[in-house]
Peer 1: 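I am attaching a structure below and will ask some questions about it afterwards.
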Amino acid sequence: MPDAWAIASGPAARLQRAVQYVRMSTDNQRYSTENQAEVIAAYAQSRSLSIVRTYSDEGLSGLAIEWRDGLKALIADVEGGRADFDCILVYDVSRWGRFQDVDESAYYEFICKRAGITVHYCVEEFENDGSFASSILKVNKRAAAADFSRGLSKKVFLGQSRMVRMGFGPGGLPGYGLRRQLVEENGAVRQTLEYGQQKYLQTDRIRIIHGPDAEVETVRRMFHAVALEGKYPGDIAAELNAEHIRTTRGRSWDRETIRKILANETYTGSLIFNRASFKLKQRRVDNPRDMWIRCDDAFPAVVSVELFDQVQEVMRARREQRSNQAAIDRLAALGREKGHLSVAIIAAADGILSAESYRRRFGSLVAAYALAGYQPEAYQRRAEKTARYRERMIEMADDVAARINALGGGAVHERRSGIVCLGDGCRIAVGSARAVTSGAKRVRWTIFADRGANAELTLIVRMDPANDLIASCYLLPTYDLAQAKGRVLRISNPIFAQACRYETLDAFCCLCAGHDERSAA
């Protein structure tokens, strides 16, 4: 596909500059980027438009923007003032996105419209001209695009569940010591798939079978070592590495890899599906056991159910025996042994909690380091400080929503996005101005906020010099915040001179509660 070309309708015609956005997913071959580009080119020629650039996303879902570098680059160019074009050409509404929140799709289009750039949907039956009819049709199209993804997700889930109940693998690698066997629709064996290989016919099925005898015996050896010899995963990993036994990918063993094998119920011959859900790219959820889809005795077991359960009991008992003080003592001993501590060092050590376990028990890894008498590296302190700031912003947004509701208004905090939504639909992002003291003891307030938040307004909460109490609040359009120059913003920036200032957080919340009541009236 050419990166840029011009299409002239006549020597005297003034060609408007356009870019095209194309997205190829796996739902339909008619949406190939080549087919989209061909239709868009014909549309551009009929409108005397010159296509000067292509933004594309290959083989990606339209459910979210996070993975779509092409669309993100397009929006970034528009917001950053680098757009040297007049309009954007898209095949249809679904190629722009199948966002589950149709307002998100509208938001990205509004960013372009606000910059004076129009979006054309080339095969839709309506002109995207802002008329009432086109607005209604566009909303319907966006809702239909979102509903298509929901329906497809349900069909895929039901199909995968049915395959698992029939004894066929649900997809993904089965684990060390196991292999995927490709079988035709009539049951004939086609081949054994190795790492990196995939099936190429939709009607083919996957059965799980034993891998090489040496791998199967290694798995059994792991389970026996824990249940009968009382060994730890780190001990097992060290033994295997000393014998030059490698993983399926040819890598050395570590205790986390051994733990995953020991916790994998698939080795009992059972296929288990839906242990966790990540539907429509939203949020991962660990499902209760009664929601699991399973097929027992789907293939010959590598280890017996009794041996597997015995290993799980040993591992559970070990976890319960580790008191907080014992965990800190072990961490301190590891620090003395290695000279310093890191996540990698903790992961490679034996008889010690994981880094994530230390975070859960002691609030942060840096806090655990302090209890163990170790002074962490500066970058580790910064990472923990950033994590604490994010948690505080979530708490602050919760507090804002709670205060508005207590005052008789209506507000909901979207914890995933960090946005406070008022009852009338107004969206408010929450950020802070934190005090930073320089070497000369001069206090400056630095802004920490999402300058690209999906919100009309942003509330900046200015802290006192100790960063303990709220000193005042500033409310300003998120657009102004995004347009402000400089990577680091301070409260002295001119945009804050034009912002609405509130002496207390309650004063702002009272305004929101009254605003919401007037909207309801």
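Computed from a predicted model, the values in this text were never measured in an experiment.
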Peer 1: Looking at every heavy atom in both His413 and Asp398, which two are closest together, and how far apart are they?
Peer 2: ND1-OD1, 2.6 Å
Peer 1: Residues in ring-ring contact (aromatic ring centres under 6.0 Å, His included) with Tyr108, at least two apart?
Peer 2: Phe99
Peer 1: Would you say the side-chain atoms of Arg427 pair up with the backbone N or O of Asn454, donor to acceptor, closer than 3.5 Å?
Peer 2: yes
Peer 1: When rounded to the nearest 0.5 angstrom, what is the spacing between CD1 in Ile258 and CD in Glu239?
Peer 2: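 It is 10.0 Å, given to the nearest 0.5 Å.
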Peer 1: Quiz question: by atom type and distance under 3.5 Å, do the side chains of Thr446 and Arg490 form a donor-acceptor pair?
Peer 2: yes
Peer 1: Would you find a donor on one side and an acceptor on the other, under 3.5 Å apart, between the side chain of Asp254 and the backbone of Ala348?
Peer 2: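 The answer is no, because no donor-acceptor pair under 3.5 Å joins these two groups.
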Peer 1: State the CG-OG1 distance between Leu173 and Thr248, to the nearest 0.5 angstrom.
Peer 2: 8.0 Å
Peer 1: Any side-chain to backbone donor/acceptor pair from Arg451 onto Ala484? Under 3.5 Å, distance only.
Peer 2: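 Yes, because the side chain of Arg451 sits within donor-acceptor range (under 3.5 Å) of the backbone of Ala484.
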Peer 1: Can you confirm whether Arg255 sits close enough to Ile352 that some side-chain heavy atom of one is under 4.5 Å from a side-chain heavy atom of the other?
Peer 2: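 They are in contact (side-chain heavy atoms under 4.5 Å apart), so the answer is yes.
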Peer 1: How long is the gap from NE2 on His210 to CD on Glu217, to the nearest 0.5 Å?
Peer 2: 10.0 Å
Peer 1: May I ask you to decide if Lys231's main-chain N or O and Asp235's side chain share a donor-acceptor pair within less than 3.5 Å?
Peer 2: no
Peer 1: For Leu240 and Thr218, run side-chain contact (heavy atoms from CB on, under 4.5 Å): C-alpha distance rounded to whole Å, both residues' side-chain angles, the deciding distance at 0.1 Å, then the answer.
Peer 2: CA-CA 9 Å; Leu240 296 178; Thr218 298; 4.0 Å; yes
Peer 1: For Asp309, does the CG atom sit with more than 12 other heavy atoms under 6.0 Å from it, leaving out its own atoms?
Peer 2: yes
Peer 1: Any heavy-atom pair between the side chains of Val420 and Val430 that's under 4.5 Å?
Peer 2: yes
Peer 1: Residues two or more places apart in sequence or in another chain: which of them pass ring-ring contact (aromatic ring centres under 6.0 Å, His included) with Phe223?
Peer 2: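 For Phe223, no residue satisfies ring-ring contact (aromatic ring centres under 6.0 Å, His included) once neighbours in sequence are set aside.
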Peer 1: Determine whether Leu475 and Thr458 make a side-chain contact, defined as any pair of heavy atoms from C-beta on separated by less than 4.5 Å.
Peer 2: no
Peer 1: Quick one: closest heavy-atom pair of Asn405 and Ala411, and the distance?
Peer 2: OD1-N, 2.8 Å
Peer 1: Is atom CG of Asp213 surrounded by more than 12 heavy atoms (other residues, nucleotides or ligands) closer than 6.0 Å?
Peer 2: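 Atom CG in Asp213 is not packed in, count stays at 12 or less.
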Peer 1: Using only atom types and a distance under 3.5 Å, with no angle test, would you say the side chain of Asp296 pairs donor to acceptor with the backbone of Gly269?
Peer 2: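 Checked: no pair found.
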Peer 1: Test of understanding: with salt bridge (charged side-chain N to carboxylate O under 4.0 Å, His left out), list the residues that count as partners of Glu79, not counting sequence neighbours.
Peer 2: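 Expected list: none.
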Peer 1: With ring centroids as reference points, do Tyr176 and Trp253 lie under 6.0 angstrom apart?
Peer 2: yes
Peer 1: Quick one: do Val189 and Leu182 satisfy side-chain contact (heavy atoms from CB on, under 4.5 Å)? Show the steps, please.
Peer 2: CA-CA 6 Å; Val189 176; Leu182 190 64; over 6 Å; no
Peer 1: Taking ring-ring contact (aromatic ring centres under 6.0 Å, His included) as the definition, give me every residue that meets it alongside Tyr107, ordered by chain and number, with sequence neighbours left out.
Peer 2: none
Peer 1: For Asp69 and Tyr55, test the side chains for any donor-to-acceptor distance below 3.5 angstrom and give the result as yes or no.
Peer 2: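 No pair is found: no donor N or O on one side chain lies under 3.5 Å from an acceptor on the other.
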Peer 1: Give a yes/no verdict on a cation-pi contact between Arg207 and Phe299, requiring under 6.0 Å between NZ or CZ and the six-membered ring centre and an angle within 45° of the axis.
Peer 2: no
Peer 1: Taking all non-hydrogen atoms of both residues, which atom of Pro174 and which atom of Asn264 are closest, and how far apart?
Peer 2: O-ND2, 3.7 Å
Peer 1: Please tell me if the side chains of Leu353 and Arg361 come closer than 4.5 Å, counting only heavy atoms from C-beta onward.
Peer 2: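 SC-SC contact between Leu353 and Arg361 confirmed.
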Peer 1: Is Cys473 close to Ile460 at the side-chain level, that is, under 4.5 Å between some pair of heavy atoms?
Peer 2: no
Peer 1: Nearest 0.5 Å, what's the CD-CD1 distance between Glu356 and Ile346?
Peer 2: 11.5 Å
Peer 1: Does Arg462 use its side chain to pair, donor to acceptor, with the backbone of Arg434 at less than 3.5 Å?
Peer 2: no
Peer 1: Pair Leu331, Tyr374 - check side-chain contact (heavy atoms from CB on, under 4.5 Å), show working.
Peer 2: CA-CA 9 Å; Leu331 187 64; Tyr374 171 69; over 6 Å; no
Peer 1: Is the closest side-chain heavy-atom distance between Val164 and Arg294 below 4.5 Å?
Peer 2: no
Peer 1: Count the heavy atoms of every other residue, nucleotide or ligand shown that sit under 6.0 Å from CZ of Arg82, and state whether that count exceeds 12.
Peer 2: yes
Peer 1: Within the 4.5 Å heavy-atom criterion, are Ile293 and Ile272 side-chain neighbours or not?
Peer 2: no
Peer 1: Among pairs that include at least one residue of residues 450-472, which meet ring-ring contact (aromatic ring centres under 6.0 Å, His included), considering only residues two or more places apart or in two chains?
Peer 2: none
Peer 1: Which heavy atom of Glu414 sits nearest a heavy atom of Cys421, and at what distance?
Peer 2: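 Scanning both residues completely, I find the closest heavy atoms to be OE2-SG, 3.4 Å.
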Peer 1: Go through Gln312 and Arg316 one step at a time and tell me if the side-chain contact (heavy atoms from CB on, under 4.5 Å) criterion holds.
Peer 2: CA-CA 6 Å; Gln312 305 319 300; Arg316 184 194 62 77; over 6 Å; no
Peer 1: Does Glu58 come within less than 4.0 Å of Arg68, counting only side-chain N to carboxylate O?
Peer 2: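 Judged by the 4.0 Å cut-off on N to carboxylate O distance, Glu58 and Arg68 do not form a salt bridge.
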Peer 1: Please report the shortest heavy-atom distance between Ala355 and Leu365, naming the atom on each side.
Peer 2: O-CD1, 4.0 Å
Peer 1: Using ring-ring contact (aromatic ring centres under 6.0 Å, His included) as the criterion, list what pairs up with Tyr267, not counting sequence neighbours.
Peer 2: none
Peer 1: Ser304 and Thr268: which non-hydrogen atoms are nearest, and at how many Å?
Peer 2: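 So the minimum-distance heavy-atom pair works out to O-CG2, 4.3 Å.
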Peer 1: Rounded to the nearest 0.5 Å, what separation is found between the CD atom of Gln191 and the CG atom of Asp204?
Peer 2: 9.0 Å
Peer 1: Rounded to the nearest 0.5 Å, what separates atom CG in Leu74 from atom CD1 in Ile111?
Peer 2: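 If I round to the nearest 0.5 Å, the distance is 10.0 Å.
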Peer 1: Check whether any side-chain heavy atom of Arg403 sits under 4.5 Å from a side-chain heavy atom of Cys512, and report yes or no.
Peer 2: no
